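These notes are about the structure you will find just below.
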Amino acid sequence: MPELPEVETIVSNLRYGTPDYPSLIGLRITTAQLFWLRTLVMPQADEFGVRVIGQCIDDILRRGKFVVISLVDDTLLIHLRMSGDLMVEAADAPLLPHHRLVLNFENGLRLSFNDPRKFGRVWLTAHPEIVLGDLGPEPLDVGLTAQDFYTRLVVHRRQLKPLLLDQNFLAGLGNIYTDEALHLARLHPLTRADSLNFEQVELLLQSIRAVLQEGIRRNGASIDWVYRGGEFQNYFRVYQRTGEPCLNCNTPIQRIVIGQRGTHFCPSCQQKTSR
DNA sequence: CACGAGACCTGTTCGC
DNA sequence: TGCGAACAGGTCTCGT
């Protein structure tokens, strides 16, 4: 489900609070409940409880698609994968069917990790770099220059779509924002990375940043039954618009499968030979 | 190194 | 109406 803009939205809600609940910064964890064993990667469930209880939340950040919750002695890392969500509720509210992990706070609130498909994962570690260490750069980091991006990109012979989805190449893009960015940059998703010139790579980086920033501005995208209040789904240019007219040229948007992921593009605006 | 298939899971939607 | 297939925002592992 969540890509960079959705995770950013969730993190900023937890960090700053919303009209419905306050910031979680500073809250102390009093109890923890794990309902699906495989949700927790490390440490073992019994050790998790012993270690997490009593710690206060120092900070809440995002790295790629990870939610990074800094505690006093440890870091709690949460990856929402396809269907995960984080919700703040009253600690005495009924447990929902898909709650996998719940942290209760001393102020009567709780943080619930809800995840119907059970793909999401949680780590508690004093060494978050063990989990985050191989992630590529943040696309919105102003320190990432077009020249850096060009240098990193053209050493690969892979197709653009799978390369952009590779979190070790660039951290945070998922299926939606990759399709949207490639359309904005007018690049065919099957184009080989090492065939791009500098101007194309520069435009690609600008396009990635533009779609991510628009996604964040609209609080992410909410699709189907996994709804979280974002609006970006109303502004997709290609994603899930198969057969509908391209907003540039009216050509019907096409859907193909690349690396087992549905891929949407305009066959007229996005041509492999464009150079 | 690059790619494809299968696995992990549940819920919704599509097509006959 | 009913039922199985296809599909879903992600990532890992294995074989070629």
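Heavy-atom basis, side chains included; hydrogens, waters and symmetry copies ignored. In what follows, chains are A, B, ... by sequence order, proteins preceding strands, each numbered from 1. Only a predicted model underlies this, so the values are computations on that prediction, with no experimental measurement involved.
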Sugar-phosphate, base or nothing in reach of A:Y177, heavy atoms under 4.0 Å: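 Since no nucleic acid heavy atom lies under 4.0 Å of A:Y177, the category is nothing.
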Touch class at under 4.0 angstrom, heavy-atom based, for A:R192 against every strand present: nothing
Return the nearest nucleotide to the side chain of [X]; candidates are [options].
X: A:R255; options: C:dT11, B:dA2, C:dA8; answer: C:dA8
X: A:N175; options: B:dA2, B:dC3, C:dG9; answer: C:dG9
X: A:K65; options: C:dG9, C:dT11, B:dG11; answer: C:dT11

Residues which pass salt bridge (charged side-chain N to carboxylate O under 4.0 Å, His left out) with A:R121, listed by chain and number, not counting sequence neighbours: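 Salt bridge (charged side-chain N to carboxylate O under 4.0 Å, His left out) check on A:R121 returns nothing, list empty.
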A:H99 NE2 to B:dT10 C1', straight-line distance once rounded to whole Å: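 Rounding to the nearest Å, NE2 of A:H99 and C1' of B:dT10 are 16 Å apart.
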Length of the CG-P vector between A:N114 and B:dG11, whole Å: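 One finds 11 Å between P of B:dG11 and CG of A:N114, rounded.
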Check: A:N104/A:Q33 side-chain N/O donor and acceptor closer than 3.5 Å: yes
Canonical and wobble pairing (Watson-Crick, G-U, under 3.5 Å) of DNA chain B, dot-bracket with |: .|||||||.|||||||
Between B:dA5 and C:dA6 - P atom distance, rounded Å: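 Comparing P positions in C:dA6 and B:dA5 gives a spacing of 14 Å.
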If you restrict it to nitrogen or oxygen atoms, what contacts under 3.5 Å exist between nucleotides 6-8 of chain B and the protein, and what is each distance?
from, atom 1, to, atom 2, distance (Å)
B:dG6, N7, A:Q260, OE1, 3.4
B:dC8, O3', A:R38, NH1, 3.3

Side chain to side chain, A:L124 and A:E47, heavy atoms closer than 4.5 Å: no
Contact under 4.0 Å: A:R261 side-chain N or O vs C:dA8 OP1/OP2: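 Looking at the OP1 and OP2 atoms of C:dA8, neither is under 4.0 Å from any side-chain N or O of A:R261.
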Cation over ring face, A:R218 and A:Y235, 6.0 Å, 45°: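 Yes.
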